[in-house]
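So the structure is just underneath, and the comments pick up after that.
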Amino acid sequence: MIYFDNSATTRPHRDALSSYTEAAQTYFANPSSLHRMGGKAEQLLTACRKQAAQLLHVGENEIIFTSGGTEGNNLAIKGTAYRKKRIGNHIITTTVEHPSVLETCAELEKQGFQVTYVDVDKYGYVAVDNIKAAITEDTILVSVMHVNNEIGTIQPIQTIGKMLTEFPNITFHVDYVQGAGKVELDLKKSHIHLCTLSAHKFHGMKGSGILYKDKDVFIAPQLTGGGQEQELRSGTENVPGITAMVKAFRMAMENLQNQPARLFELREKLWEGLANMKGVILHSPPAGAPHILNFSVPGLKPEVLVHALGEKDIYVSTKSACSSKNSDASAVLLACSVPVAQAESAIRVSFSYDNTMEEVEYFLVVLEEALTQLKKVMR
């Protein structure tokens, strides 16, 4: 099997699974319980929070455990909007964000908030000057993703963050779901106030995530109840999932430090092969994230190609997994001014450190054979 759909989800690492099992069997008590077993679960939770903070170079009191990227983005955006609505009601984001950001902003618009969706260039980059130009006296939040989940564009987060320091009333939120463990991001140097991560994107378990919240930033909770996670995210903590997540994140960061060129080499090989393949159009930026490459074969339905590759035990995707079953064109590519025919036929290949150069080479051979066969059938 060749699994090239890592931006949708990654295979849980064996060590992360072992950590999950051990925590689930040994530290199964509720960490809020007063008895000794509850205390042990709480100690493990505290240790996980400490390690997560160390990996992100932030304070322990700035780590909020969530269920993943969607909840983290909702908590960050809605939490900021509701907390600061007396100051202003204007939000700025981009046209190429994940659905969990765009749909959240659309919901807030129905509630009276105003949202500016800043356009991007052909490679999905947003201009810092365009964000600055969109700021008004009512702007309370700017939300920009770090790495685009469909084409791999790396936004100039540090430059945006530095610019926003001129506007003390604005909270800066970054969706770091696709970049975590693959593309470095210094939260403090980038002046980020809120940052979202999701465990299953870096070989942890589904259902766990992190929201970094700067200690000086205040947001309104979206889940109320027992007051867990600084009263910002009530609900009994998923101690096994959190344990596995932090373990996986540590391993991902070690890979990033120890093998900085590994994913770039895979992407470069794939890029070269696709660029020389007749009928294939590349959409990802040349200097994009090392683990994502997006291309189109106009005139060919992407699901047909996905299934043809699946017959060879090769797994890729079309667009974001959250909307891949919809047959319409990629909203991200349309926002990049890609023609509809190309946006409707896009394929995404996404790597992890588990993938090899041999897999890329085999994929290119099988892809060319599949395209040749499918074009014959279509004539």
Side-chain angles (χ1 to χ4, degrees), residues 58-59 61-64 66 69-120 126-146 148 155-177 185-197 209-224 229-234 335:
V58 300
N61 62 340
E62 297 179 314
I63 298 293
I64 308 296
T66 69
T70 294
E71 185 193 345
N73 286 338
N74 272 260
L75 177 55
I77 295 169
K78 291 181 181 176
T80 299
Y82 297 152
R83 177 79 187 206
K84 303 179 76 171
K85 61 183 178 181
R86 293 182 180 178
I87 301 175
N89 70 339
H90 182 231
I91 297 168
I92 297 173
T93 189
T94 81
T95 55
V96 292
E97 300 299 309
H98 187 269
S100 62
V101 169
L102 294 177
E103 292 299 320
T104 300
C105 288
E107 184 179 340
L108 287 172
E109 284 186 283
K110 295 177 183 177
Q111 299 175 32
F113 289 88
Q114 296 187 0
V115 182
T116 297
Y117 300 90
V118 181
D119 289 329
V120 297
V126 63
V128 179
D129 287 343
N130 290 345
I131 293 178
K132 187 173 184 178
I135 294 173
T136 72
E137 60 181 13
D138 292 321
T139 305
I140 54 175
L141 173 68
V142 170
S143 179
V144 180
M145 71 191 331
H146 177 232
N148 186 270
Q155 300 293 4
I157 295 300
Q158 189 166 337
T159 306
I160 295 171
K162 184 178 180 180
M163 179 272 292
L164 290 176
T165 60
E166 301 173 23
F167 305 91
N169 285 335
I170 297 178
T171 298
F172 185 29
H173 166 245
V174 173
D175 177 341
Y176 188 35
V177 169
L185 179 65
D186 191 310
L187 305 188
K188 295 296 185 180
K189 286 185 179 179
S190 300
H191 306 282
I192 296 169
H193 300 120
L194 297 163
C195 187
T196 311
L197 293 83
I210 293 172
L211 175 65
Y212 156 74
K213 185 192 74 67
D214 185 282
K215 65 182 185 304
D216 296 323
V217 167
F218 300 95
I219 59 176
Q222 300 307 295
L223 295 176
T224 54
E229 297 303 300
Q230 302 178 37
E231 299 188 355
L232 292 175
R233 201 274 181 184
S234 290

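Values below: all heavy atoms of this structure, side chains included; hydrogens, waters and symmetry mates excluded.
- Asp175 is linked by a side chain to side chain donor-acceptor pair (under 3.5 Å) to Asn73, counting only residues two or more places apart in sequence or in another chain.
- In plain terms, the two heavy atoms of Gly69 and Ser100 that are nearest each other are O-OG, 4.4 Å.
- Atoms CD1 and CG, on Ile135 and Leu164 in that order, are 5.5 Å from each other to the nearest 0.5 Å.
- With hydrogens and angles ignored, the 3.5 Å screen pairs no side-chain donor or acceptor of Ser190 with any backbone N or O of Ile192.
- Side-chain contact between Leu211 and Cys195: absent, with no pair of heavy atoms (C-beta onward) separated by less than 4.5 Å.
- Nearest heavy-atom pair, Ala335 versus Val96, reported as atom, atom and distance to 0.1 Å: CB-CG1, 3.7 Å.
- Side chain to side chain, Thr196 and His173 meet the donor-acceptor criterion of an N or O pair below 3.5 Å.
- Within a 6.0 Å radius of CD in Glu137, no more than 12 heavy atoms belonging to other residues, nucleotides or ligands are found.
- Inter-residue side-chain proximity for Leu141 and Ile170 is flagged as unmet; no heavy-atom pair is nearer than 4.5 Å.
- Note that CG of Leu194 and OH of Tyr176 are 16.0 Å apart. Values are rounded to the nearest 0.5 Å.
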Give the intermediate values and the outcome of side-chain contact (heavy atoms from CB on, under 4.5 Å) for residues Leu75 and Ile219.
-> CA-CA 8 Å; Leu75 177 55; Ile219 59 176; 4.0 Å; yes
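- Crowding of Lys162 atom NZ: a count of heavy atoms from other residues, nucleotides or ligands under 6.0 Å not exceeding 12.
- For the pair Met145/Glu97, a side-chain contact is recorded, criterion being any heavy-atom separation below 4.5 Å from C-beta on.
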Verdict with reasoning, Ile131 to Ile160, per side-chain contact (heavy atoms from CB on, under 4.5 Å) = CA-CA 8 Å; Ile131 293 178; Ile160 295 171; 3.7 Å; yes
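- Contact check for Val174 versus Tyr212: no side-chain heavy atoms found under the 4.5 Å cut-off.
- With a 6.0 Å radius and a threshold of 12 heavy atoms from other residues, nucleotides or ligands, Gln111 has its CD atom above the threshold.
- Residues Ile140 and Thr171 form no side-chain contact, since every pair of their non-hydrogen atoms from C-beta on lies 4.5 Å or further apart.
- By the 4.5 Å heavy-atom criterion applied to side chains, Ile63 and Val58 are counted as neighbours.
- In plain terms, the two heavy atoms of Cys105 and Ile77 that are nearest each other are SG-CG2, 4.5 Å.
- Considering all non-hydrogen atoms of both residues, Gln222 and Asn74 come closest at CG-O, 4.3 Å.
- The shortest side-chain heavy-atom distance between Asn130 and Val120 does not fall under the 4.5 Å cut-off.
- Looking at heavy atoms from C-beta onward, Met163 lies out of side-chain contact with His191 at the 4.5 angstrom threshold.
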Which pairs would a plain distance check flag for residues 86-93, meaning a side-chain donor or acceptor within less than 3.5 Å of a matching protein atom at least two apart in sequence or in another chain?
residue: Asn89; atom: ND2; partner: Gly112; partner atom: O; Å: 3.3
residue: His90; atom: ND1; partner: Thr139; partner atom: OG1; Å: 2.6
residue: His90; atom: NE2; partner: Thr116; partner atom: OG1; Å: 2.7
residue: Thr93; atom: OG1; partner: Ser143; partner atom: O; Å: 2.8

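- For the atom pair OG1 (Thr80) and OH (Tyr82), the distance works out to 11.5 Å, reported to the nearest 0.5 Å.
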Checking side-chain contact (heavy atoms from CB on, under 4.5 Å) for the pair Gln230/Lys215: CA distance, chi angles, key distance, verdict?
-> CA-CA 11 Å; Gln230 302 178 37; Lys215 65 182 185 304; over 6 Å; no
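- For the salt bridge (charged side-chain N to carboxylate O under 4.0 Å, His left out) condition, the pairs that include at least one residue of residues 71-85, sequence neighbours left out, are Glu71-Arg233, Lys78-Glu107.
- Nearest approach of Lys189 to Gln158, heavy atoms of both residues: O-CG, 3.7 Å.
- Taking the six-membered ring for Trp and the full ring otherwise, His193 and Phe172 have centroids separated by 6.0 Å or more.
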